[in-house]
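See below for the structure under consideration.
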There are 2 protein chains.
Amino acid sequence: MASSPSPKPSFAPIKTRRAFEVICEQIREQLAAGTLKAGDKLPAERELAVEFQVSRSALREALRSLEVAGIIRNVKGAKGGAFVQTAEPDRIVQAMQDYVHLGDISLGELTEARLALQDIIVRLACARATETDLAELEAIAERTKRESSVEARYACAVEYYAVLARATKNRIFGIFVDSLSTILHEFVRGPDYETLQQSLIESRFKLVRHLRAKDEEAAVAEMRKHLERVHRHVRKNSKAAAKG
Amino acid sequence: MASSPSPKPSFAPIKTRRAFEVICEQIREQLAAGTLKAGDKLPAERELAVEFQVSRSALREALRSLEVAGIIRNVKGAKGGAFVQTAEPDRIVQAMQDYVHLGDISLGELTEARLALQDIIVRLACARATETDLAELEAIAERTKRESSVEARYACAVEYYAVLARATKNRIFGIFVDSLSTILHEFVRGPDYETLQQSLIESRFKLVRHLRAKDEEAAVAEMRKHLERVHRHVRKNSKAAAKG
DNA sequence: CACTCTTTAATGGTCAGACCATTATGAAAA
DNA sequence: TTTTCATAATGGTCTGACCATTAAAGAGTG
């Protein structure tokens, strides 16, 4: 096969790229370049198909990919179409969740990462949290007390962590924390979770007090104690689930 | 509109869910439940379409979504089909990249997050790195010296960070670092980058020496110094790009 | 038998054209 | 003016077809 007598021993490394991939790439390029930005509306599918010179189905697969990636949102009806979305970290969370499901990331890795991450967050929040942030944290803790269902209280907890992360004024941390919270949520189950949950509320108030006093070390210690209790519960439950 | 005289003021909150969404969900469920796992092969598209009682196009949009999410891989040809993938963090990196492009995450946030993250990583690596890890780090640093192109040396740097993250024995950190490295790569440009790059190599050797000596504080300090130099360059370049 | 070439069938990728459900808009009617 | 209804635009889905690639079975050859 390679014994060609022609003076050209090497051929062009052709590669078949699928139509939808090329379309996605072009749209992503315009996004990175700033030609397309949040709020913009892409032409209708039928129009775009003509423009890209592909069938509507190929184009739709591209749009579907972008939608799943959280880049656009498809709205039906007159004046509908594909709208470029504002940034939402949901897709990152989803991607991390998929990764954990597919792979063999252990619970230990998740909890360790969360612990380390919260250390940073508490330290930064201690330095940067405004009184508004702190008041919001307290309000959430208060609301948690009044909530009646386990799920509602868990939602409050997630919100508490999110607001705390926001207090760092760095959204990257917010994404990381959201991801880990969501993934670990799957493991937080069991009959004794409710009593644990109740006892955690007080800890949240304490943390705010430490933050307000700018006592970094005390705040970090409180968060570690808090998370370690949660993680002990999670581990215990996970083992129980593995048995049953 | 709400003035219905019927004794049933509230109706069931119906919502039209698209076919491909339901399909994706079902497959994801089987994944979380363990019924489907890496390496498994899904039935052919035409078969699956019959099974789900949808058209092939709807089914294809679902498969396309899952492929873009990195969950399956579509192989064409006889004995081809959709194969469940092993976990790859690429999609998380892609999602974070999209997020940064769409949103207005600042360079400052990225570099700050990276700095904080590397602190943790260095500390953990200091405690857990095996001699194999350290030798690999040195080998990469050696190779960096010999590489001739800027791009090749950058690739070495990324690899160095990845191996360092792996030395923590916690893959979550690896993902975070990969994401940040990839995103920051876009900003690392400019004529004086090459000279900076050269001068960074020595720092990598120093870090390994500190790690081997289990000198956590020295290692952290070296990494901070290292990264701060890089980030100064990145910031300068970013400003230059904004001007031009 | 061993090896090479050809054929065949399975499968994903693409295309074309159609119909349905939803939605905004404007015209018609009250 | 307000309500109702027809209309057109648009995404979601369906059907059926053809192409390109690939692995495996079969045919031919030494």
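Numbers restart at 1 for each chain; the letters A, B, ... are given by sequence-line order, proteins then strands.
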Starting at [atom1] of [X] and ending at [atom2] of [N], how long is that distance when rounded to a whole Å?
| X | N | atom1 | atom2 | result |
| --- | --- | --- | --- | --- |
| A/Arg56 | C/dG17 | CZ | C1' | 10 Å |
| B/Glu61 | C/dG13 | CD | P | 13 Å |
| B/Asn74 | D/dT22 | CG | P | 14 Å |

Original post:
Within 45° of the axis and under 6.0 Å from the centre of the six-membered ring of B/Tyr161, does NZ or CZ of B/Arg114 qualify?
Top reply: yes
**OP:** Provide the full list of side chain to side chain donor-acceptor pair (under 3.5 Å) pairs with a residue in residues 72-82 of chain B, sequence neighbours left out, each pair given once.
**Re:** B/Glu67-B/Asn74
Subject >> Flag side-chain contact, heavy atom, 4.5 Å: A/Arg91 against B/Arg91 >> reply: no
**OP:** Give a yes or no answer on whether the side chain of A/Arg153 reaches the backbone of A/Thr144 with a donor-acceptor pair at less than 3.5 Å.
**Re:** no
Subject >> Closest to the B/Lys79 side chain, choosing from C/dT14, D/dA24, C/dT25 >> reply: D/dA24
Subject >> Candidates D/dG11, D/dA24, C/dC15 - which lies nearest the side chain of A/Ser55 >> reply: C/dC15
**OP:** Map A/Lys76 and A/Ser57 onto DNA chain C by nearest heavy atom, then report which one ends up closer to the 5' terminus.
**Re:** A/Ser57
Subject >> Within residues 41-52 of chain B: residues closer than 4.0 Å to DNA chain D (heavy atoms) >> reply: B/Arg46
**OP:** Indicate whether any N or O donor in one side chain lies under 3.5 Å from an N or O acceptor in the other, for A/Thr130 and A/Asp133.
**Re:** yes
Original post:
Could A/Arg17 and A/Glu25 be called an ion pair, given the rule that one side-chain N must be under 4.0 Å from one carboxylate O?
Top reply: yes
Subject >> Any A/Arg64 side-chain N or O less than 4.0 Å from OP1/OP2 of D/dG12 >> reply: yes
